[in-house]
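First up is the structure itself, then whatever we jot down about it.
Just so it is clear, the model here is predicted, and its values are computed rather than measured. For reference, positions follow the sequence shown, starting with 1.
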Amino acid sequence: DEWAAVVKAMVDSDELLDTFCVERSIVSIRMRRNTGEWLDMQEARDLYRWMSLDVSSAVPNAPAKEMAILSSPSYIGQPVSVSENYAIVRIALGVESLLDYAGDRHRTLQEDEKVVRKLGIIAKYFDVLQSSKL
């Protein structure tokens, strides 16, 4: 599937993200902190919550491009515990997204890129966001 291959490449281009698996139109992603540890289930729940919020105020020293992404709500699949050591989140191409993709692939992939970038930026600033109590 073309969409999944492109999204997988986006994920794998970020050193703090890892494609755990791809099944049809679902890309499962592991996230790591700057320290190298994978996010566990509780931390993945925090990330999931932050994805849907404007969290830019918690990272005032981030570059302008990162601030713009952090300020924009993004929606992903709920975290899933895969092992005691880490959890995953998912990006999926649902029916509505599939129709959008069929009509305008470029725009759909741009939206997915914003989601992947926000995942990576949140992973980068995870400790800062966690201490902010957002």
R32/D18 ion pair, N-O < 4.0 Å: no
Option from R45, R90, E43 for which side chain to side chain contact (heavy atoms under 4.5 Å, CB included) with P79 holds: R45
Spatial distance of atom NZ (K8) from atom OG (S28) [nearest 0.5 Å]: 12.0 Å
Distance in Å, M51 CE paired with I122 CD1, rounded so as to fall on 0.5 Å steps: 5.5 Å
Same apolar cluster: I26 and L47, side chain cutoff 4.5 Å: no
Within-4.5 Å side-chain heavy-atom neighbours: Y48 and I76: yes
4.5 Å side-chain heavy-atom contact, D46 and L39: no
Under 4.5 Å side-chain linkage, directly or through intermediates, the cluster mates of Y86: F20, W38, V80, V82, I88
Side-chain donor or acceptor of D14 paired with backbone N/O of V116 under 3.5 Å: no
Side chain R24, main chain D1, donor-acceptor under 3.5 Å: no
Nearest-0.5 Å distance, CG of residue L16 to CD1 of residue I29: 13.0 Å
Interatomic spacing from CD in E113 to NE2 in H106 - rounded to 0.5 Å: 9.0 Å
Separation between CG of N85 and CE of M41, rounded to the nearest 0.5 Å: 14.5 Å
Residue pair V115 / M10, side-chain heavy-atom distance below 4.5 Å: no
Side chain proximity check, W3 to I91, heavy atoms < 4.5 angstrom: yes
More than 12 heavy atoms of other groups within 6.0 Å of E23 CD: no
Side-chain donor/acceptor pairs under 3.5 Å, residues 58-72, sequence neighbours excluded:
residue: E66; atom: OE1; partner: Y125; partner atom: OH; Å: 2.5
residue: E66; atom: OE2; partner: K124; partner atom: NZ; Å: 2.8
residue: S71; atom: OG; partner: M67; partner atom: O; Å: 3.4
residue: S71; atom: OG; partner: A68; partner atom: O; Å: 2.8

Can you list, pair by pair, the side-chain donor-acceptor contacts under 3.5 Å of residues 93-103, counting residues two or more places apart and other chains?
residue: Y101; atom: OH; partner: E2; partner atom: OE1; Å: 3.1

Approximate separation, where rounding is to 0.5 Å, of S74 OG and L53 CG: 10.5 Å
Neighbour count above 12 (heavy atom, 6.0 Å) for Q110 CD: yes
Shortest non-hydrogen contact between V89 and M31, atoms and distance: CG2-SD, 3.6 Å
Other residues, nucleotides, ligands: >12 heavy atoms within 6.0 Å of E111 CD: yes
Contact summary for P73 and S52, nearest pair of heavy atoms: CB-O, 3.5 Å
